[in-house]
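Residues: numbered from 1 along the sequence shown. When a ligand or atom number is given, it counts from 1 through the structure's own listing order. We use all heavy atoms of the structure for the numbers below, so side chains are in, but hydrogens, waters and symmetry mates are not.
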Amino acid sequence: MRISLETASVLLKEGKVVAVPTETVYGLAACLSNEDAIRHIYTLKGRPANNPLIIHLPDVEQISAFCTQEIPNFLPLATAFWPGPMTLVIPIDYQSIPSIARAGLSTAAFRIPKHPGVRELIRCTGPLVMPSANLSGRPSSTCAEHIESDFGKNFPVYDGGKCTYGLESTILAYESGQWKIARQGALSQEMFAPALGYFPPIEGQTPSANTSPLCPGQLFRHYSPKAALHLLSHIPSDLKGVLLGFANRQYPATCRLISLGDLEHPYQIAEVLYAALRQLDEEKIEKAYVDMAFPCKGILATITERLSRAASAKSESY
Ligand code: TXA
Ligand code: MG
């Protein structure tokens with residue numbers, strides 16, 4: 001059910017959960033001040049209780065109400081990338097944030113989104129917690145139709161059109177004296193070097209049994225369609241079946257191409273990636289190949305990570 005910004009604001013203040021657009025992906029929003037509404041988010045998504053939520057604020061100044069200490073390079077990062085698709089995990093005054101939102105951790109994740117609709121909404125409602133608006137483990141939603149497909153036609157969605165980036169925010173966490181990338185996202189690793197003076201290492205890809213990842217969400221299955229995805233670094237000439245590939249490449253005539261766009265425009269690939277993964281499910285496709293013969297740099301590094309996670313547990317070699 002499509003709702004206006006005003007209705008979204010009223011529903012949120014009444015303690016309801018509504019879906020709202022951001023520049024990255026759609027979020028399932030609840031007021032930070034309403035623990036029952038936050039609990040309802042976990043139930044709706046089928047989300048494990050040990051996977052904390054991001055707190056969305058309208059302005060960086062508001063973060064000081066939750067923090068206890070100054071963190072090196074916090075301001076250069078905030079100035080360079082907020083409002084926008086960056087999330088920062090920092091130590092907090094734990095009494096200032098309900099335990100359920102931060103999954104009992106002594107840190108919390110903050111983001112100042114850029115989408116004008118959600119910014120106005122947060123100014124009306126106060127801080128919102130927002131995980132991506134998808135059933136846990138499934139591809140995120142990048143338009144209102146995706147939310148209706150996961151949560152039903154009657155679920156309230158404030159429709160802000162298609163998301164600009166189509167990939168979640170990049171999460172940086174401050175640990176052992178440096179910022180590290182806890183989740184790759186819409187901003188690539190190299191973009192942070194000017195603000196930090198170093199390339200933040202990418203963490204949490206393959207946490208070992210005795211270390212916990214910087215970002216709890218990295219432990220869980222993610223971004224997966226029902227279809228088994230097979231990632232191919234080269235396309236055999238006799239390949240048959242559905243292939244996620246690129247418009248500017250030639251593939252065997254025995255393949256049916258679902259185009260991710262043109263590799264010359266990697267941000268456009270990001271924009272359509274989740275819609276393409278969802279299309280596999282809509283068409284009840286059980287198996288698809290993915291052309292992975294592209295460089296793992298810039299935003300393509302995030303796309304590689306998402307496809308690898310989407311394929312994990314089901315992949316096999318051709
Ligand atoms: O672009 C985005 O970030 C979107 C939009 C809606 O803002 N939100 C989003 O939320 O992707 P979600 O819940 O799907 O992913 C948030 C990630 C989870 O993997 C969670 O583990 C991590 O943020 N996270 C939240 N709080 C954390 C904390 N205190 N420490 C480490 N990771 C945290
Ligand atoms: Mg998510």
Please lay out, stage by stage, how Val25 and Ser141 fare under the test side-chain contact (heavy atoms from CB on, under 4.5 Å).
CA-CA 6 Å; Val25 297; Ser141 294; over 6 Å; no
Could a heavy atom of Pro216 be found less than 4.0 Å from some atom of ligand 1?
yes
Residue part near ligand 1, for Glu175, under 4.0 Å between non-hydrogen atoms:
neither
In the protein, what heavy atom is nearest to atom 6 (C) of ligand 1, and what distance, to one decimal place, separates them?
Gly27 CA, 3.7 Å
For the Mg ion (ligand 2), which protein N/O/S atoms are closer than 2.8 Å?
Ser132 OG
Just need the protein heavy atom nearest to atom 7 (O) of ligand 1, so name the residue and atom and give the distance.
His56 NE2, 2.7 Å
What protein heavy atom is closest to atom 8 (N) of ligand 1, reported as residue, atom name and distance in Å?
Met130 O, 3.6 Å
Does the residue Arg111 have a heavy-atom contact with ligand 1, meaning some pair of atoms that are separated by less than 4.0 Å?
yes
Flag if over 12 foreign heavy atoms under 6.0 Å of CD, Glu286:
no
Please state which protein non-hydrogen atom is closest to atom 14 (O) of ligand 1 and give its distance, to 0.1 Å?
Ser132 OG, 2.9 Å
Establish, from distance only, whether the side-chain atoms of Thr142 and Arg278 form a donor-acceptor pair under 3.5 Å.
no
In ligand 1, the atoms that come under 4.0 Å of a heavy atom of Leu105 are 28 (C), 29 (N), 30 (N)
List the steps and the verdict of side-chain contact (heavy atoms from CB on, under 4.5 Å) for Ile299 and Leu167.
CA-CA 10 Å; Ile299 194 68; Leu167 290 174; 3.8 Å; yes
Report yes or no: do Thr87 and Ser169 form a side-chain donor-acceptor pair below 3.5 Å?
yes
Less than 4.0 Å between a side-chain N and a carboxylate O, is that true for Glu175 and Lys180?
yes
Ignoring hydrogens and geometry, is there a side-chain-to-backbone donor-acceptor pair from Tyr26 to Ser140 under 3.5 Å?
no
Taking the six-membered ring for Trp, are the ring centroids of Phe192 and Tyr198 within less than 6.0 Å of each other?
no
I want to confirm something. Looking only at heavy atoms, which of Met86, Arg183, Lys45 is nearest to atom 11 (O) of ligand 1?
Arg183
Below 4.0 Å, non-hydrogen atoms only: which portion of Val89 touches ligand 1? Side chain, backbone, both or neither.
side chain
Carboxylate-amine/guanidinium proximity below 4.0 Å for Glu168 and Arg306:
yes
Which of the atoms in ligand 1, numbered in the order shown and given with their element, are less than 4.0 Å from a heavy-atom of Pro131?
10 (O), 12 (P), 13 (O)
From atom 22 (C) of ligand 1, work out which of Ala133, Cys215, Gly217, Ser169 has a heavy atom at the shortest distance.
Cys215
Identify the protein heavy atom lying closest to atom 23 (O) of ligand 1, giving its residue, its atom name and the separation to 0.1 Å.
Ile171 CD1, 3.2 Å
List the closest protein heavy-atom neighbour of atom 13 (O) of ligand 1: residue, atom name, distance to the nearest 0.1 Å.
Arg47 NH2, 2.8 Å
With the threshold set at under 4.0 angstrom, would you say Ala108 reaches ligand 1 through any of its heavy atoms?
yes
Among Leu135, Asn51, Asn134, Val17, the one residue meeting side chain to side chain contact (heavy atoms under 4.5 Å, CB included) with Lys45:
Asn134
Which word best sums up how the rings of Tyr267 and Tyr165 line up, parallel for under 30°, tilted for 30 to 60°, or perpendicular for over 60°?
perpendicular
Which of the ligand 1 atoms, numbered from 1, are nearer than 4.0 Å to a heavy atom of Thr107:
28 (C), 29 (N), 30 (N)
Does the N or O separation between Thr24 and ligand 1 drop below 3.5 Å for any pair?
yes
So, taking the atom named CG in Asp281 and the one named CZ in Arg138, what distance separates them when rounded to the nearest 0.5 Å?
4.5 Å
Atom 24 (N) of ligand 1: which protein heavy atom is closest, and how many Å away?
Pro52 CG, 3.8 Å
Note: Arg2-Glu145 ion pair, threshold 4.0 Å (strictly below):
yes
Ile54 heavy atoms within 4.0 Å reach ligand 1 at atoms 3 (O), 8 (N), 9 (C), 10 (O), 16 (C), 23 (O)
State whether Glu203 and Arg183 are salt-bridged, where the test is any N-O pair (Lys NZ or Arg NE/NH1/NH2 against Asp/Glu carboxylate O) under 4.0 Å.
no
Heavy-atom distances under 4.0 Å decide this one: backbone, side chain, both or neither, for Leu214 against ligand 1?
backbone
Would you say Gln279 and Tyr274 are linked by a side-chain donor-acceptor pair, where the criterion is simply a distance under 3.5 Å?
no
I need the Leu172 CG to Leu187 CG distance, nearest 0.5 Å.
8.5 Å
Atom 18 (C) of ligand 1: closest protein heavy atom, distance to 0.1 Å, is Asn51 OD1, 3.5 Å
